[in-house]
Each structure stands twice: as C-alpha cells, then as structure tokens.
S.K.: 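Sending over a structure as structure tokens; questions will come in a sec.
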Amino acid sequence: MAEPIVVEDPGDPRLHDYTGLTDVELRRRREPAEGLFIAEGEKVIRRAGEAGYAMRSMLLSAKWVDVMRDVIDRSDAPVYVVDPALAEKVTGYHVHRGALASMQRTPLPTASDVLRTARRVVVMESVNDHTNIGAIFRSAAALGMDAVLLSPDCADPLYRRSVKVSMGAVCSVSYARVEAWPRGLESVREAGFRLLALTPGEEARALDEVAPHRMDRVALMLGAEGTGLSARAMAAADERVRIPMSHGVDSLNVGAAAAVAFYAVATGRPQE
Ligand SMILES: C[S@@+](CC[C@H](N)C(=O)[O-])C[C@H]1O[C@@H](n2cnc3c(N)ncnc32)[C@H](O)[C@@H]1O
C-alpha cells in the first residue's frame, strides 16, 4: 500500500505516463512502446485491475482518494494527488472523471491461444476508429462473444478512448492480432469456426436465414466504415450475411451492426 503523494509541479517526471494525453499520434506511438495504457474513471480502473492488469500509478484529484481507498490499499503503485488545474496542464484536458490510472500492458496472446476455448469470435478488419473498437468490445462482452481477432491495421483496443468507450470491456474480452492477413483466417476455419462476413451487400443472405446461433463455432467478420470488408477478406469467408435494413438506408455503423449480429448469435433473434 502506498501513501498518496501530493504533486504540485506539472513538470514532475513522476507524471510522465500522463503527459499529452490529447495528442493522439504521440500517445499511439508512446503507449505500446512504453508498455502502458490509461484507464479513466473509477469503474474502468477497477475493471482493469480485476482483469489482472498491474497498476503502474494513479493520478487522482483529492476527492477521489477516499473513493479509491480500497484500490490504493491493495496496490503498491504510487498514487499522485493533484488539483484539477494541474491535471489539465499535464494531460491536456479537463479530467472530468477525476481519476486516471496508468496500467501495465501484458504480451498479447496468439490467435490460436484465444481460439482454443472460444465458440463465438469477432473478427475485425481495418476498424481503425477507437470509438468503434470500444463500442464493439462493450457489445461483445455484454452479448457473450468469447474473443476478438484483429487485422494488423485495426486500432489499438487499449488506446484511452477505446478503453473508455468499452467501459473497460477491452480488459476482459481476450483478443489477438492475426498477423498474416487475411491468410491467417484459414487457421480460424481449421479450428472449426464457420466464418461469416457481415456485409450490407444485396448478394448476402439474411442473418436469420443463416441461423448463426445454431452453429457450434462461429466467427463474425466486420469491416471498416467506408470501405467495408476487403475483397480478399470476403473471399476468405465461408458465407456473406446481411442484416436487412429499411427506409433506403445503405449500411449500419459497424458498432451497431456488431451489436445486432452478436445478439442474433446469442439468441437466434432478432428476426426468428
Ligand atoms: C458502414 S459499413 C461499410 C459499408 C461499406 N460501403 C460496405 O459495403 O461494406 C461497416 C461494416 O459494418 C457492417 N455492416 C454495416 N451494415 C451492415 C448490414 N446491414 N448487414 C451486415 N453488416 C453490416 C459490415 O461488416 C461493414 O463492413
């Protein structure tokens, strides 16, 4: 257990993990290189800890010290107490939630590691928007998906925005990168999964006809906003499936499509 330390100098090197949090490019490079990620807000910090991530430090405004007392007592990580104006100087934004934690990244498992025990898998190609990644992990956790596979160019699930939007679900749903893309999807099929490419295209079969909830092992492939799944990823799938839409809408946001498809896999709804 560490005694909270009051810090009054925004240039204090002990606050280095928290500097320039609004500089997306800088943080995207720095965080994986330095082996850290930022959890924001009480719930997310607790979830990251419960998922087994070690804490490097916490940055709290004074009123959060009592709220986080049990977390502080269980950890040896230093706790820096700063006033809100100083937190803003260091991070670059007003820290509404009053509590930040710098967490230690762990090595990612391989795709075969995560597939070993999974039955319902999400596969994302080129989803490079942190908000969409976070929303998809949140739905994946809530709707019983077991694991996530990412193409090499998907955004980092542990980037602060993704962690926040997912409400910490990125810490509890295991994920891996498929480095040889899309060739590596062959190993998903070999592990017994049926690969379903989600696309709004007219040529695809409706999700309810395909009945993914009856499949023993199923992998749902999602593409990026704008381009959707690439032709090569489509070719690697066993089948194309669509969520029927009305009012002339041509596609759903990928996060919304994911939630509908996860629910259909879990329950056989919405159309059956
Ligand atoms: C905004 S959409 C991409 C639209 C792109 N023009 C296309 O034709 O795929 C992003 C992703 O969400 C999923 N998606 C969106 N609407 C869908 C629908 N109605 N049925 C199935 N998947 C959908 C797909 O995985 C798609 O790659």
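For ligands, and for the atoms within them, numbers begin at 1 and follow the listed sequence.
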S.K.: Kindly tell me which protein residues have any non-hydrogen atom under 4.0 angstrom away from an atom of ligand 1, grouped by chain and ordered by number?
M.R.: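 Within 4.0 Å of ligand 1, the protein residues are L198, T199, P200, L222, G223, A224, E225, G226, G228, L229, V241, R242, I243, M245, S251, L252, V254, A257.
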S.K.: Checking side-chain polar atoms at under 3.5 Å, does R30 have a donor or acceptor matched by the opposite partner on H16?
M.R.: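 Yes - a donor-acceptor pair under 3.5 Å links their side chains.
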S.K.: Can you list everything that forms a side chain to side chain donor-acceptor pair (under 3.5 Å) with S172? Sequence neighbours excluded, please.
M.R.: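 Not a single residue meets the side chain to side chain donor-acceptor pair (under 3.5 Å) criterion with S172.
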S.K.: Measure from NZ or CZ of R161 to the centre of the six-membered ring of F137 and say whether it is under 6.0 Å with the direction within 45° of the ring axis.
M.R.: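 Ring-cation test returns no.
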S.K.: Have N128 and D153 got a donor and an acceptor in their side chains that come within less than 3.5 Å?
M.R.: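 Side chains of N128 and D153: no pair found under 3.5 Å.
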S.K.: Taking the hydrophobic residues Ile, Leu, Val, Met, Phe, Trp and Tyr, and joining any pair whose side-chain heavy atoms are under 4.5 Å apart, which ones share a cluster with V24?
M.R.: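 The other cluster members (ILVMFWY side chains, heavy atoms under 4.5 Å, direct or chained) are Y159.
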S.K.: Determine which pairs satisfy salt bridge (Lys or Arg N to Asp or Glu O under 4.0 Å) with at least one residue from residues 49-64, sequence neighbours left out, and list them in order.
M.R.: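 Residue pairs with at least one partner in residues 49-64: D17-R56.
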